Each structure stands twice: as structure tokens, then as C-alpha cells.
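Have a look at the structure below, then the notes.
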Amino acid sequence: MHAFNLNPAKAIAAVTFLSALPTAQAAGLYLKSSPVVQVDAKSFDRIINKSNYTSVIEFYAPWCGHCQNLKPAYEKAAKNLDGLARVAAVNCDDDENKQLCGMMGVKGFPTLKTVRPGKKGKPVVEDYNGPRTAKGIVDVVVDKINNHVKRVTDKDIDSFLSTKNDSAKAILFTEKGTTSALLKSVAIDFLDVIAVAQIRDKETKANELFGITSYPTLVLLPGGDKESVVYDGEMKKDAMVKFLSQAGQPNPDPAPAKSKGEKKSEKKSDKKDKKASAKSSESSSKTTSTESSESTDVPPAAEKPVEVAPPIPAITEADKLTKECLNRKAHTCVLAFVPAAHGETAEKALTSLAELAFKHAHGQRHLFPFFEVHTDNDASSSLFKSLELSGEVEIVALNGKRGWWRHYEGDFSSESVESWIDAIRLSEGVKKKLPEGVVSEVAEETAEEKPAETVEVKVEESVEVEVEPESESPSKGAEPTPEATPAEAPKHEEL
Ligand SMILES: *[C@@H]1O[C@H](CO)[C@@H](O)[C@H](O)[C@H]1NC(C)=O
Ligand SMILES: *[C@@H]1O[C@H](CO)[C@@H](O)[C@H](O)[C@H]1NC(C)=O
Ligand SMILES: *[C@@H]1O[C@H](CO)[C@@H](O)[C@H](O)[C@H]1NC(C)=O
């Protein structure tokens with residue numbers, strides 16, 4: 001990785017800014033009262049890694065727009081998953097969490113991952129690339145809740161009952177062939193305390209043994225020669241846990257450090273609406289599906305999995321190329337010349353550029369635009385010839401205003417392309433003079449007056465503030481904008 005902001009003046013500005021705003025810096029996106037559990041580097045191991053529950057974790061930065069957009073849906077998912085799985089968030093902007101975020105492979109915000117207990121206590125971490133809606137999150141997480149519920153049939157009822165006869169067992173008699181998230185969560189609460197099983201209504205022998213005639217029915221076998229107890233409450237998490245607790249205490253799954261009292265009291269069943277939400281996976285999915293259809297909080301762009309960088313835009317028309325890059329007012333443009341039918345090398349080069357642009361956009365750092373142009377297209381083939389390029393894939397940077405261009409020489413790996421881009425930002429490396437006639441005099445008015453055009457570069461937020469050390473007004477790039485303050489830029493470099 002290369003540091004982009006080596007300007008010492010800016011670094012000092014950043015430090016000053018930070019020390020002036022210590023509390024703002026530490027503030028996360030979620031309130032203490034949020035159903036989303038806030039986890040930090042210190043509590044991650046305890047609350048997430050060592051939990052018997054499945055968790056979904058959002059790695060975010062408070063300033064990130066997509067993270068703010070996700071918040072309502074994420075909180076909704078947390079409410080719906082209450083009692084079934086843990087919905088957590090890590091503020092990667094917090095210095096203390098940076099190492100954790102880096103270790104977890106977080107490269108953009110928000111990044112969602114699921115963590116569930118694996119074999120031998122080693123957590124299984126997976127990327128969540130599903131839709132950024134409450135329903136999407138709930139569905140995937142419910143699917144990943146570990147299942148410790150034993151399905152017992154007429155054939156194995158005897159052996160189930162006789163194994164460890166002195167230890168407690170609970171059986172849910174049900175008409176369903178699937179195991180609900182609710183029952184799975186109950187089994188997790190009582191791991192190694194009460195063996196939880198389910199038996200279908202059609203297992204006549206087992207049903208008759210317990211005289212079951214209505215479904216669902218939960219039966220507790222406290223162990224030894226104690227008589228079985230039939231539950232007559234509602235099929236809701238807290239009430240069921242309370243009932244089963246007569247045979248043994250549930251595991252003390254760690255409560256969120258901040259809202260200790262709160263979570264516990266929910267368990268003790270005084271928050272009726274919360275309880276209702278954990279009724280079963282089916283019902284929670286239903287709730288969210290109706291709710292998420294009305295949730296317009298996640299704009300379509302944010303639905304894209306964060307790991308996939310959007311491709312850089314292609315320019316296929318000469319006018320457009322002139323307007324973006326080849327006029328006397330144009331700032332630095334990076335052009336990737338590739339054949340219209342991409343070969344392997346072209347893909348590699350374009351991917352490297354897309355990732356780089358994406359990374360900068362996520363760090364809210366302004367970077368000059370990247371465009372794909374085609375060696376076999378009239379719009380760009382003459383430029384290709386004028387620059388005396390000949391490779392199958394060529395990357396150049398050019399600046400119409402200053403009349404220079406630079407030729408990239410190297411493999412097309414992200415690292416190599418990135419250090420070249422770095423050098424340009426620092427005004428290092430070999431510049432060549434643009435040949436006569438390449439830069440058009442005509443289209444110059446359109447170039448800067450229509451910054452909206454550059455929005456097509458999806459990753460760019462405002463191209464006017466591009467950081468360009470060789471710019472005539474060097475202070476321009478260092479000015480804070482609402483989207484990007486200089487303080488933020490270096491802070492996210494390692495991500
Ligand atoms: C949590 O578990 C993952 C996966 O095993 C591991 O890479 C990570 O270091 C653990 N994190 C902490 C904070 O212990
Ligand atoms: C467990 O064993 C005891 C005697 O050791 C017996 O009375 C009881 O019925 C058994 N319970 C079950 C559920 O099999
Ligand atoms: C997880 O389950 C085990 C039993 O397998 C139990 O001993 C432990 O306390 C549970 N951990 C938590 C954090 O609940």
C-alpha cells in the first residue's frame with residue numbers, strides 16, 4: 001500500500017482537526033439504545049467469536065453514505081432477529097478498531113460478514129453479499145443459525161430417551177418437517193444443558209408415548225425419573241426459555257457490553273413487542289418482507305455487494321472523449337486502451353483500475369477519472385496512434401490543460417498500477433508532451449461547466465476537487481468538502 005497524502009501541511013491539518021473533535025470522531029452510527037449491538041476490538045472475541053450464536057457484523061464508518069443508508073434496514077433486521085441471532089456493528093473509523101477491521105479483510109464500507117461457531121470453537125466467517133434490506137439480511141442469517149436440534153423418529157425415540165437418561169431433554173412435537181429458527185435458538189441457549197429435539201406428528205409411536213394430540217407441543221423431560229412437563233404457554237422465545245430453565249440454566253451468552261441491563265431484561269420477557277418478533281423464523285421473515293418492500297432507505301446503488309467494484313466507464317464517442325479529457329481545460333484523465341472485445345490482459349487492467357477507483361471512492365478521496373477506451377474504435381484509435389502506442393493494452397494518463405501525458409509501463413496488477421497512479425498524484429515520474437493536435441480547442445467551455453457529466457464515473461463524487469499537486473491553485477485539493485475532509489483521507493488508507 002502507498003500513502004497518497006504525503007503533503008506534510010495536510011497531515012498537520014488532519015491531526016489538528018482530529019484533536020479538535022475527539023468526541024465526534026468516536027461517535028458511532030448507532031445509538032446505545034439501538035437493537036444493533038456495538039462491538040469493538042476488545043469485545044469482538046467475547047461477543048462474536050466465542051458466542052454459540054450466529055452473528056452478522058457490519059463494518060462501517062460513520063461518514064459513509066451507504067452505511068447511513070443501510071442503518072434503518074439494519075436496525076430492522078436486528079429487531080427481527082432479536083433472540084435468534086446477533087446483529088452487530090463495528091465502527092472501523094475508531095482507531096482502536098482499525099486493526100480488527102483490517103484483520104477481518106474489510107476493504108470498503110459497509111462490509112457485512114456473518115460469523116458462526118464452527119468446529120472446535122473456531123468461528124466461520126463468511127461475506128454477506130446479499131441485498132442490503134432487512135429481509136435479505138434476516139433470511140441469510142436465519143439460514144446460518146447452527147442447528148443443534150435433533151430430529152427424532154419412531155425408530156430412534158427409545159435410544160434418544162435412554163441416552164444420558166439423567167440429563168434433561170426437551171421435545172417439540174410439530175407438524176412441520178423443518179426446524180424453526182426459534183427452536184434452533186432455544187437449543188443454542190441450552191447447549192449441553194438440555195438436549196432439544198423435535199418429533200413430527202406422523203411419528204405415531206412417539207406421539208402416542210407422550211399422548212400428544214395437538215401441535216405444536218413442547219415437552220420437558222427434566223431427567224432421571226422426574227415426570228415430564230408439558231408447556232402450555234405461547235411459542236415465544238422468552239417464555240419457552242423460562243419454562244425450560246426449571247431443568248437447567250441457559251448458557252450465559254454475553255450481553256452487549258454497553259446496554260447490559262437492557263438485553264437482559266428483554267430476556268425476562270417484559271418487552272412484549274420484542275418477544276413477538278422472535279416468534280419463529282417464518283414469522284420474522286414475513287414481517288420483514290412486508291416491511292422491506294416499503295423501505296426505500298437503501299438506494300439501488302447501495303444494493304451492490306461492496307466487494308465488487310463497478311467497472312470504469314467506457315468512452316466510445318469522440319465528442320465525449322474530447323469533452324472529458326482532450327480539451328484545454330481538462331484535468332488529468334486516465335485512459336485504458338483495450339480492444340473492444342476484452343482479452344485476459346484487458347480484463348486484468350480494467351479490474352485493477354476499477355478496484356483502485358472504487359477504493360478511493362470508498363475512502364472518499366478524490367481521484368482523477370478513469371475511462372476505458374478502445375484501440376479499435378474511431379473515437380480513440382487516432383489518439384492511440386498519435387501517442388505511438390502499440391500494445392494490446394495500454395494505460396496512459398493525460399492532462400489537456402497542461403499538455404502532458406504519461407505512459408504506464410508495467411504489469412497490470414493493482415499494486416503496480418496503484419503505485420503509478422500514486423506517482424502521478426505526487427507529480428513524480430516521466431511526463432511527455434502531448435503531440436500537436438491531440439487536444440481540441442473547441443469543446444473547452446463544456447468541459448468544466450458540466451461537472452454533472454462526471455457523475456457517470458460512479459465512483460467520483462465531485463471531480464472538481466481532484467488532488468493534483470501540479471495544479472496552479474494547490475490549496476484547491478486540500479480544501480475540506482462536505483464529503484471529504486482532509487482528516488479522513490489518510491485515516492482510511494490502510495483499509
Ligand atoms: C475471531 O475469529 C476469527 C476467525 O477464527 C479470527 O481470525 C480472529 O482473529 C478472531 N478475532 C478476535 C478478535 O479474536
Ligand atoms: C430414566 O431412568 C429411570 C430409572 O433409572 C427411569 O425411572 C426413568 O423412567 C427413565 N427416564 C426416561 C425418560 O427414560
Ligand atoms: C456455548 O456452549 C457451551 C456448551 O457447548 C457452553 O459451555 C458455553 O457456556 C456456551 N457459551 C456461551 C458464550 O454461551
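Counting starts at 1 for both ligands and their atoms, in listed order. Note that the numbering runs from 1 along the sequence shown for the chain. What you are looking at is a predicted structure, and each value in this text was computed from that prediction instead of being measured.
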Next on the checklist: If you count every heavy atom of other residues, nucleotides or ligands that lies below 6.0 Å from Lys205 atom NZ, does the total exceed 12?
Outcome noted: yes
Checklist entry - From Ile145 CD1 over to Arg86 CZ, what is the distance, rounded to the nearest 0.5 angstrom? => result 12.0 Å
Checklist entry - Ion pair present between Lys79 and Asp82, side-chain N to carboxylate O less than 4.0 angstrom? => result no
Ligand 1: which protein N/O atoms lie under 3.5 Å from its N/O atoms?
unit_1   : atom_1 : unit_2 : atom_2 : d
ligand 1 : 2 (O)  : Asn49  : OD1    : 3.0
ligand 1 : 2 (O)  : Asn49  : ND2    : 2.5
ligand 1 : 5 (O)  : Lys122 : NZ     : 3.2
ligand 1 : 11 (N) : Asn49  : ND2    : 2.8
ligand 1 : 14 (O) : Asp45  : OD1    : 3.1
ligand 1 : 14 (O) : Asn49  : ND2    : 3.2

Checklist entry - Stepwise, does the ring pair (Phe, Tyr, Trp, His ring centres under 6.0 Å) test hold for Phe210 with Phe173? => result CA-CA 10 Å; Phe210 288 89; Phe173 290 89; 5.6 Å; yes
Checklist entry - Could you state the interatomic distance from CG (Leu112) to CZ (Arg132), rounded to the nearest 0.5 Å? => result 6.5 Å
Checklist entry - Is Lys155 paired with Glu203 through a side-chain N to carboxylate O contact shorter than 4.0 Å? => result no
Next on the checklist: When you compare ligand 3 with Ser51, is there at least one nitrogen or oxygen pair between them that comes in under 3.5 angstrom?
Outcome noted: no
